[in-house]
Amino acid sequence: MNKKLFVISGSSGVGKGTVIKKFLEKNPSFMLSISCTTRTPRPGETDGVNYFFLSKDEFQNCIDNDKFLEWAEFAGNFYGTKQKYIKQCLAEGKDIILEIDTQGALQVKKRMPEAVLIFICPPSFEELEHRLRGRNTEDETTIQKRLDAVKIELERAEQFDYKVINDNLERAVSELEQIITGEQKKC
Ligand code: 5GP
């Protein structure tokens, strides 16, 4: 069976990480792609598990050598998905999910039109600001940058295949499962 690439985006603080985590717990055949980033690891994050943490020079080197399926600058840091890694996972028949920003998602769609783009929406902008501040992991400047990014991301989401509103975790996970199962049946 041909494997599809599922790309999930959502604004910072929308809870997409929790939705995806729950989805993966319920659907263990799926794996989450590990991205590269130049941002500093947060407490508890491990290299090679949460991200491959690269220096700016290492990241630039990958860009120059066309190693990325997609990459983007997000809130002052660089993030990217290695092309070879994804091709290898798909060739091995793995069900794979990319959790990346909207710029990257649209790049993936251009290179791989069969990829399915899903956007996780906040119930409202105010709710999202509240969640982002509640995380207590970023300083005010970073939070402001991320809120500006949210507005742009909501516009880009218009080009996605599906939108899932995260108003309730169980409901959002179940909607995500329905979308993914439906798309797999089309393969
Ligand atoms: P965080 O710093 O909170 O882990 O991630 C910030 C943003 O970068 C999130 O929107 C996340 O989805 C996005 N991101 C993570 N990995 C990648 C990637 O490989 N490519 C792109 N374009 N965005 C990514």
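Start at 1 and go down the list; that is how both ligands and their atoms are numbered. Residue numbers count from 1 along this sequence.
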Neighbour count >12 (heavy atoms, 6.0 Å) for atom CG, L24
yes

### Query
Is the count of non-hydrogen atoms from other residues, nucleotides or ligands lying under 6.0 Å from K109 atom NZ greater than 12?
yes

I need the atoms of ligand 1 closer than 4.0 Å to a non-hydrogen atom of [X], numbered in the order shown.
X: A72; result: 22 (N)
X: G104; result: 22 (N)
X: S35; result: 16 (N), 17 (C), 18 (C), 19 (O)
X: E70; result: 18 (C), 19 (O), 20 (N), 21 (C), 22 (N)
X: R39; result: 1 (P), 2 (O), 4 (O)

CZ (F68) and NZ (K82) are apart, to the nearest 0.5 Å, by 6.0 Å

Taken to the nearest 0.5 Å, the spacing of Q60 CD from N65 CG works out to 10.0 Å

Of the side chain and backbone of [X], name the one, both, or neither that has a heavy atom under 4.0 Å from an atom of ligand 1.
X: F74; answer: side chain
X: K82; answer: neither
X: K16; answer: side chain

Quiz item: Within the side chain of T38, is there an N or O that forms a donor-acceptor pair under 3.5 Å with the backbone of F78?
Solution: yes

Check: [X] N/O within less than 3.5 Å of ligand 1 N/O:
X: C36; answer: no
X: E153; answer: no
X: R42; answer: yes
X: E45; answer: no

Q. Taking the non-hydrogen atoms of E99, is any one of them nearer than 4.0 angstrom to ligand 1?
A. yes

Q) Can a non-hydrogen atom of Q107 be found less than 4.0 Å from any atom of ligand 1? A) no

So that I can tick it off, tell me whether [Y] and [X] are bridged by a salt bridge, with the cut-off set at under 4.0 angstrom between side-chain N and carboxylate O.
X: K151; Y: E155; answer: no
X: K3; Y: E114; answer: no
X: R146; Y: E129; answer: no
X: D161; Y: K186; answer: no

Nearest heavy atom to atom 12 (O) of ligand 1, choosing from V108, I100, T102, belongs to I100

Considering only distance and modelled atom types, tabulate donor-acceptor pairs under 3.5 Å from the side chains of residues 51-59, sequence neighbours left out.
{"unit_1": "S55", "atom_1": "OG", "unit_2": "E58", "atom_2": "N", "d": "3.1"}
{"unit_1": "S55", "atom_1": "OG", "unit_2": "E58", "atom_2": "OE1", "d": "3.3"}
{"unit_1": "E58", "atom_1": "OE1", "unit_2": "S55", "atom_2": "N", "d": "2.8"}

